[in-house]
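Order of the sequence lines sets the chain letters (A, B, ...), proteins ahead of strands, with each chain counted from 1. Excluded from the calculations below are hydrogen atoms, water molecules and symmetry mates; all remaining heavy atoms, backbone and side chain alike, are included.
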Number of protein chains: 2
Amino acid sequence: MRPYSHVLDGLRASGLRPTRQRLALAELLFSHGDRHVTAEMLHAEALNAGVRVSLATVYNTLHQFTSVGLLREIVVDASRSYFDTNTSEHHHFFDGETGALTDIRNPVSIAQLPSPPAGMKIDRVDVIVRVSNAA
Amino acid sequence: MRPYSHVLDGLRASGLRPTRQRLALAELLFSHGDRHVTAEMLHAEALNAGVRVSLATVYNTLHQFTSVGLLREIVVDASRSYFDTNTSEHHHFFDGETGALTDIRNPVSIAQLPSPPAGMKIDRVDVIVRVSNAA
DNA sequence: TTCACTGCAAATGATTTGCAAAGCA
DNA sequence: TGCTTTGCAAATCATTTGCAGTGAA
């Protein structure tokens with residue numbers, strides 16, 4: 001089995017061409033376990049790894065991967081967007097001081113989810129546990 | 001008991017002067033039940049009510065009120081910040097299509113909250129139930 | 001009088017977009 | 001070849017900031 005076959009599949013399935021940039025970014029994203037990255041972070045990492053990509057392409061790619069279901073966007077901080085390589089059901093710890101976003105390992109179960117307003121359906125539930133340095 | 005006495009108290013307590021702008025914004029914010037506003041929304045509303053305030057002052061005021069504990073900032077959308085006049089423990093429904101943010105009435109209880117990473121303490125838990133038009 | 005507050009306009013910073021050049025099918 | 005992608009630089013957009021003028025104590 002070739003590495004990132006699910007990435008290639010995802011790209012093909014949605015008609016996205018497996019270009020050099022997209023494959024390089026996919027490798028950076030998916031070959032190091034679960035990650036939480038911002039566009040700036042991924043761009044810096046790419047340049048560092050010798051991959052020539054423009055920041056605009058990194059933004060485009062992150063969004064394309066997200067719409068194809070390879071990534072999940074997480075909103076925790078109004079000033080920047082994080083993308084999570086783990087698209088399965090899970091929640092997060094967020095340290096507003098350092099900007100560190102980490103997965104909550106054990107599942108968080110919500111006792112009786114509220115019923116949505118009339119005519120609306122629940123798409124997703126996001127739980128963000130905001131933490132800071134213990135006093 | 002004068003109206004908004006808690007607002008005046010909050011302002012005094014933190015050394016914020018009760019200026020015309022701050023009092024007018026406080027009235028708009030706190031005299032119509034629980035509200036979720038963005039700076040742009042509140043600014044438009046103020047102008048509409050004949051209150052002369054600059055957008056910059058609205059931003060400043062919202063942040064000042066938040067740091068004094070009169071408001072709570074809610075991050076649901078990377079592109080804009082919402083402020084909630086209800087500062088008590090509760091969670092939200094968010095419709096990404098319309099931008100509507102509403103309170104979840106009945107309490108959402110989380111079965112066994114995870115323990116935070118070493119050396120960290122939990123400041124707050126935000127639960128956002130993302131909804132959309134039922135198919 | 002003094003120092004906080006306000007408004008304006010300019011600055012910022014993350015993100016997006018227009019468009020011509022380059023790349024994949 | 002024909003339709004995607006890319007990169008760059010310019011454009012956006014919400015938000016912040018510098019600073020001179022205004023107002024509260």
K.L.:
Using a cut-off of less than 4.0 Å, is there contact between a side-chain N or O of B:Thr57 and OP1 or OP2 of C:dG7?
P.N.:
yes
K.L.:
If we only count heavy atoms from C-beta on, is the B:Phe93 to B:Asp103 side-chain gap below 4.5 Å?
P.N.:
no
K.L.:
Are any of the side-chain heavy atoms of A:Ile122 and B:Arg130 separated by less than 4.5 Å?
P.N.:
no
K.L.:
Rounded off to whole Å, could you give me the CG-to-P distance for the B:Leu16 and D:dA24 pair?
P.N.:
15 Å
K.L.:
Roughly, in whole Å, what's the span from CG in A:Leu42 to C1' in C:dA14?
P.N.:
15 Å
K.L.:
In whole angstroms, how far is the C1' atom of D:dT4 from the CG atom of A:Leu11?
P.N.:
13 Å
K.L.:
Look at B:Arg22 and C:dT6 and indicate whether a side-chain polar atom (N or O) is within less than 4.0 Å of OP1 or OP2.
P.N.:
yes
K.L.:
With the threshold set at 4.0 Å, does a side-chain nitrogen-carboxylate oxygen contact exist between A:Glu45 and A:Arg35?
P.N.:
yes
K.L.:
Is any side-chain N of the basic residue among B:Asp126 and B:Arg72 closer than 4.0 Å to the acidic one's carboxylate O?
P.N.:
yes
K.L.:
Grab the CZ-C1' distance between B:Arg12 and D:dA25 for me, whole Å please.
P.N.:
13 Å
K.L.:
Would you say the ring centers of B:His92 and B:Tyr82 fall short of 6.0 Å from each other?
P.N.:
no
K.L.:
With side chains defined as the heavy atoms from C-beta onward, is the minimum distance between A:Tyr59 and A:His43 less than 4.5 Å?
P.N.:
no
K.L.:
Tell me the interatomic distance from B:His43, atom NE2, to C:dT6, atom C1', rounded to whole angstroms.
P.N.:
12 Å
K.L.:
Can you check each nucleotide of nucleotides 9-22 of chain D against protein heavy atoms at under 4.0 Å and return B for base, S for sugar-phosphate only, - for none, in 5' to 3' order?
P.N.:
-----SBBB-----
K.L.:
List the protein contact pattern of nucleotides 19-25 of chain C with one symbol per nucleotide (5' to 3'): B for base contact, S for sugar-phosphate-only contact, - for none; contact means a heavy-atom distance under 4.0 Å.
P.N.:
----BBS
K.L.:
Backbone N or O of B:Thr61 within a donor-acceptor pair of the B:His63 side chain at under 3.5 Å?
P.N.:
no
K.L.:
With side chains defined as the heavy atoms from C-beta onward, is the minimum distance between B:Ser132 and A:Lys121 less than 4.5 Å?
P.N.:
yes
